[in-house]
Peer 1: 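Just passing along the structure, written as structure tokens.
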There are 2 protein chains.
Amino acid sequence: MFVPDPGAARRIKLAQKIKLSTIADALGVSTATVSLALRDSPLVAGSTRERIKEHARAIGYIYNRRAASLRTSRSGIVGVVVHDIMNPFFAEILRSIETELDRSRQTFILSNHYDQLEKQRTFMDTLLQLGADGVIMSPAIGTPAADIGMAEDNGLPVVLIARDVVGAEVPVFRGNDAFGVGLATDHLISLGHRRIAMVGGTDQTSTGRDRYQGYVAAMERAGIAVDPGWRVAGPRTKLAGFEAAPRFLDIADKPTAAVCWNDLVAIGLMNGLARAGLVPGVDVSVTGYDDLEEASIATPALTTVWNGQREVGRRAARALLDRLNGATVHLPQDLITPELHVRQSTGQAIERN
Amino acid sequence: MFVPDPGAARRIKLAQKIKLSTIADALGVSTATVSLALRDSPLVAGSTRERIKEHARAIGYIYNRRAASLRTSRSGIVGVVVHDIMNPFFAEILRSIETELDRSRQTFILSNHYDQLEKQRTFMDTLLQLGADGVIMSPAIGTPAADIGMAEDNGLPVVLIARDVVGAEVPVFRGNDAFGVGLATDHLISLGHRRIAMVGGTDQTSTGRDRYQGYVAAMERAGIAVDPGWRVAGPRTKLAGFEAAPRFLDIADKPTAAVCWNDLVAIGLMNGLARAGLVPGVDVSVTGYDDLEEASIATPALTTVWNGQREVGRRAARALLDRLNGATVHLPQDLITPELHVRQSTGQAIERN
DNA sequence: CTGAAAGCGCTTACAG
DNA sequence: CTGAAAGCGCTTACAG
């Protein structure tokens, strides 16, 4: 029985794959000339160059980056690894990284580590195997400085964002978290709040420690003793913030306000409070952190701290590109200075029954 | 003046890069044996294999995938391109794709095309240059079937998700949108609504056309003539939904309900309605589409249509992996059947003044 | 301005 | 079970 094979034409095409030498043969020049012409080298005569480029286009030549990269040991690939790319906080950082890298025609490979060290290591390994030119990372909880040193030693430059790693001698770009949370806390205190809870976050990251400490410092500056019971540790997502509402409401001396870990937790918490019959911004004041696009359209509009995400992404990408181009990058320690954006989710302190 | 050079040690390491032959020389075997041993080939004696693997680990050998891929023409890379990876709708699909691909140790490269054909083409080109094994894509608006055929002809298998491309003979995985919107519309009609608006979406995508048509068909089945003025076309994000609230409220005959393009638009619209002093779910009924995690914690909890995102991602990844493994994949036309999830954002029709 | 040749680091027939 | 050798498709000194 005759079975027609629809893949035959395709396979034939694959068999006679077009490469540099195909063009060279057709035009009676060497592959060296073709290679140089396609990359716009001034070493090739203008007319030759145009003839080659035109022919390459006509026959549908596809540049083989693996081969080139094997030869040059430059891959044009940059890795980006964060806790969760779907988190809107990282989303804004990623967008600005994307903008910068696109401009330099670097391909970027994204990955989530979900704070699992093993996932992060697998990804770093993949980058090394692919010969990536560099990596921008928000390190997973527990990342040892040695992991970063190992990447650097194998020719993979690292730039950190959002979180620091003690002992790693690479650039870090992030906001001044302690200062930022201080702004939110000061604001609540100025509205008459004294019993202020801190909802969300963990001590396992530099960011988590900085933010909690910023809250404690602000309270102490105002002469308020912080009750450890006011801390609802853990939540970092909208859902977790929502589910934390009962825990917040169960705190014995009923705090009148909550400084939240980030906007997601704040919005989740506000939804949880609303579900419990309270009016956020009136019965309980709530602050967020990050100033996501969503913060201004939440109900009520969220008072929050702008965290300079765009700036973090932009500076990190620039620093990496500078390193790739051989520039000396000095370790920056100028944290980005956050700003308080006051909206409707905070108001005068009101006692609940 | 003596200037210490901290990069020297690093550069030396790079210079004496470890490769297969380094191991072969050290152990007195051939590179062929090392290559086979590292990939657990049964052709190599167990003891030899262990000795080689142990040594490779000890000296920190890094497998060069570019070299291997150049030889085998298999890269272990799969591309994924969608409108916007930061959109929670795609986020859920991506997570299930990630799970499937991780299992097969494929690296995936993500990219947004933001519905710009040029961005999509650049990315497809990059995939071809990197020798990617395949691509999963939600095609940008206006993608011609020829673009997909070109990729396929160059050995890059394509699987589509969420949107169809007329004339492209590749597998497509998506939900039954017309049916799903019908469920939401029927539900509103059963609550006594007659003037129902459709907020968001565009006719430029197959999804957009299907959803609008599903709404029209449901209305007609109930004997309701659809007023073109009830359509607020365009919005697809939370912010756009929020900003569409005034347009919705300005519709002359004051619809009592809104079928929204997706959950983001619905949540944004509800926030906008609340800002205007209305209570969503009471004054105006609102339905979403997708059933994002967020839908159930919105205020009020959103009545929406579950769209099988996980399933879309899982099936698409499986189909691509099957193709890579040489299996014949028949074009599926079994759309995923959506389900209505009723919550608090819909209620009996109430006339507004 | 152009060409011949070596080499990047693997894998795969092939031979033994 | 193991080795010698060719080749994947580029780029880069080097020579002319």
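Proteins come first, then strands; the chains are lettered A, B, ... in the order of their sequence lines, and each starts at number 1. Only this structure's heavy atoms are used, side chains among them; waters, hydrogens and symmetry mates stay out.
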Peer 1: Whole angstrom is fine here: how far is it from CZ in B:R51 over to P in D:dC1?
Peer 2: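 Answer to the nearest Å: 15 Å.
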
Peer 1: For the pair A:T72 (side chain) and A:A68 (backbone), establish whether a donor and an acceptor sit closer than 3.5 Å, ignoring hydrogens and angles.
Peer 2: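 Present.
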
Peer 1: So if I take every side-chain heavy atom of A:V29 and compare against D:dT2, C:dT2, C:dG3, which nucleotide ends up nearest?
Peer 2: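 The answer is C:dG3, which lies nearest to the side chain.
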
Peer 1: To the nearest 0.5 Å, what is the distance between NZ on B:K17 and OG1 on B:T22?
Peer 2: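 Between atom NZ of B:K17 and atom OG1 of B:T22 there are 11.0 Å.
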
Peer 1: Looking only at side chains, do B:R39 and B:S35 share a donor and an acceptor under 3.5 Å apart?
Peer 2: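 There is such a pair (donor and acceptor under 3.5 Å, judged by atom type) between the side chains of B:R39 and B:S35.
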
Peer 1: Within the 3.5 Å criterion, strictly below it, is a donor on A:R163 or A:T205 matched to an acceptor on the partner's side chain?
Peer 2: no

Peer 1: For D:dG16, give its Watson-Crick or G-U wobble partner with both distances under 3.5 Å, or none.
Peer 2: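 Across any shown strand, D:dG16 pairs with C:dC1.
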
Peer 1: Show the numbers, then the answer: is there a side-chain contact (heavy atoms from CB on, under 4.5 Å) between B:L70 and A:R71?
Peer 2: CA-CA 11 Å; B:L70 182 58; A:R71 182 58 224 255; over 6 Å; no

Peer 1: As a quick check of understanding, evaluate side-chain contact (heavy atoms from CB on, under 4.5 Å) for A:L320 and A:Q106, giving each step before the final call.
Peer 2: CA-CA 11 Å; A:L320 184 60; A:Q106 293 271 337; over 6 Å; no

Peer 1: Tell me whether the side-chain N/O atoms of B:S30 come closer than 4.0 Å to OP1 or OP2 in D:dT2.
Peer 2: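 For D:dT2, OP1/OP2 do not have a side-chain N/O of B:S30 under 4.0 Å.
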
Peer 1: Determine the contact category for B:G46: base if any of its heavy atoms lies under 4.0 Å from a base atom, sugar-phosphate if only primed atoms, P, OP1 or OP2 are that close, otherwise nothing.
Peer 2: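 Nothing, no nucleic acid heavy atom in range.
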
Peer 1: Mind checking if A:S73 touches a base, just sugar-phosphate, or nothing, with heavy atoms under 4.0 Å?
Peer 2: nothing

Peer 1: One character per nucleotide, please: for nucleotides 8-16 of chain C, 5' to 3', B when the base has a protein heavy atom closer than 4.0 Å, S when only the sugar-phosphate does, - otherwise.
Peer 2: BBBBB----

